[in-house]
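Here is the structure we will look at.
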Amino acid sequence: MSIIPRAFYNRPTLTVARELIGARLVRVLNGQKLVGLITETEAYIGETDLGCHAKAGRTARTAVMYGPPGHAYVYFTYGHHWMLNVVTEREGFPAAVLVRAIQPIEKAEIMSQRRSGRDTFGPGKLTQAMGITKTENGIDLTRRGAGLWIEAAPAVPARLVTKGPRVGLYTVPEPWKSKPWRFLVKDWRLDTGG
DNA sequence: AGCACGATGCTCT
DNA sequence: GAGCATCGTGCTT
């Protein structure tokens, strides 16, 4: 399988968010190669997007979003959960795609164990299933070196993809709160042919 | 099956 | 010191 190159991420964030649906998220953990298909994403686009962390400008936390595309932006929230994002657009423009759900397809049993048998559907759940924490913040997802990368996969046809408002932006003002910048697979599941 | 709420700690004001 | 791109439990229907 081929790693998705940096040029893929150096494009409009909405395009990247849509095209990451179906891609293979790969994580090497304790010598095991865990793989999940990305089934849900959200776009966060620049300082003018009041749902995006970069709305407050460049800070220690958001610095990664201002860096080159194709890197991981991992942050901690609600006192419990790690969120995995992929930095998009040109260096200097803060934007990223939040990976909200995966469908485990290789070593699914390991990921299930790490979740005590519960599902991996949710942004904080997939990072727990794949062992992604602040250690992975800032790593280059276009190389295998750090044990976390994204591989290309067959395109998911438009009829299988839905979009809607982003989740959890309770206090974000309109129009940002309702922008249809969330992409997800219908029925939460891709046909893996077996 | 759905909703309400508490957990829990980091980041920014 | 408040708020937060969430999750799991427990209670209600």
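Note on naming: letters A, B, ... go to the chains in the order of the sequence lines (proteins, then strands), and numbering restarts at 1 for each one.
One atom, NZ of A:Lys179, and another, P of C:dA5, lie 18 Å apart when rounded to the nearest Å. Here the P atom of nucleotide C:dA5 and the OH atom of A:Tyr73 are 9 Å apart, to the nearest Å. For the pair A:Arg58 CZ and B:dT11 C1', the computed distance is 17 Å after rounding to whole Å. Across the protein-nucleic acid pair, A:Arg61 atom CZ and B:dT13 atom P stand 10 Å apart, rounded to whole Å. Rounded to a whole Å, the CZ atom of A:Arg182 is 10 Å from the P atom of C:dT6. Straight-line distance from the CD atom of A:Glu42 to the C1' atom of C:dA5: 6 Å, rounded to whole Å. C:dA5 atom P lies 15 Å from atom CH2 of A:Trp181, rounded to whole Å. Atom pair A:Tyr170:OH and B:dA4:P shows a separation of 11 Å (rounding to whole Å applied).
Taking side-chain N and O atoms only, A:Arg115 has no distance below 4.0 Å to OP1 or OP2 of C:dC7. For A:Arg118 and C:dG8, the shortest distance from a side-chain N or O to OP1 or OP2 is below 4.0 Å. Dashed line: the shortest gap from a side-chain N or O of A:Lys125 to OP1 or OP2 of C:dG8 is under 4.0 Å. Note on A:Thr171: every side-chain N or O is 4.0 Å or more away from OP1 and OP2 of C:dG3.
Comment: A:Arg11 does not engage A:Glu89 in a salt bridge, judged by the lack of any side-chain N to carboxylate O separation of less than 4.0 angstrom. Comment: A:Glu47 does not engage A:Arg58 in a salt bridge, judged by the lack of any side-chain N to carboxylate O separation of less than 4.0 angstrom.
The neighbour count for A:Arg143 CZ, taken as heavy atoms of other residues, nucleotides or ligands under 6.0 Å away, does not exceed 12.
Across all strands shown, C:dA5 has no partner, as no Watson-Crick or G-U wobble contact with both distances under 3.5 Å is found. Nucleotide B:dT8 is matched to nothing when pairs are restricted to Watson-Crick or G-U wobble geometry with both distances under 3.5 angstrom.
Nucleic acid contact for A:Gly51: base, since at least one base atom lies under 4.0 Å from a heavy atom of the residue. Within the nucleic acid shown, A:Arg166 has no heavy atom closer than 4.0 Å to any nucleic acid atom.
Of the residues in residues 74-88 of chain A, A:Phe76, A:Tyr78, A:Gly79, A:His80 come within less than 4.0 Å of DNA chain B through at least one heavy atom, sorted by number.
Checking each of A:Thr142, A:Val99, A:Val26, A:Val86 against A:Ile150 for a side chain to side chain contact (heavy atoms under 4.5 Å, CB included) leaves exactly one that passes, namely A:Val86.
Residues passing the ring pair (Phe, Tyr, Trp, His ring centres under 6.0 Å) test with A:Phe8, sequence neighbours excluded: none.
Cluster annotation: A:Leu141 is not connected to A:Val28 through the hydrophobic network of ILVMFWY side chains, with a link wherever side-chain heavy atoms come within less than 4.5 Å.
No donor-acceptor contact under 3.5 angstrom links the side chains of A:Gln128 and A:Arg114, judged on distance only.
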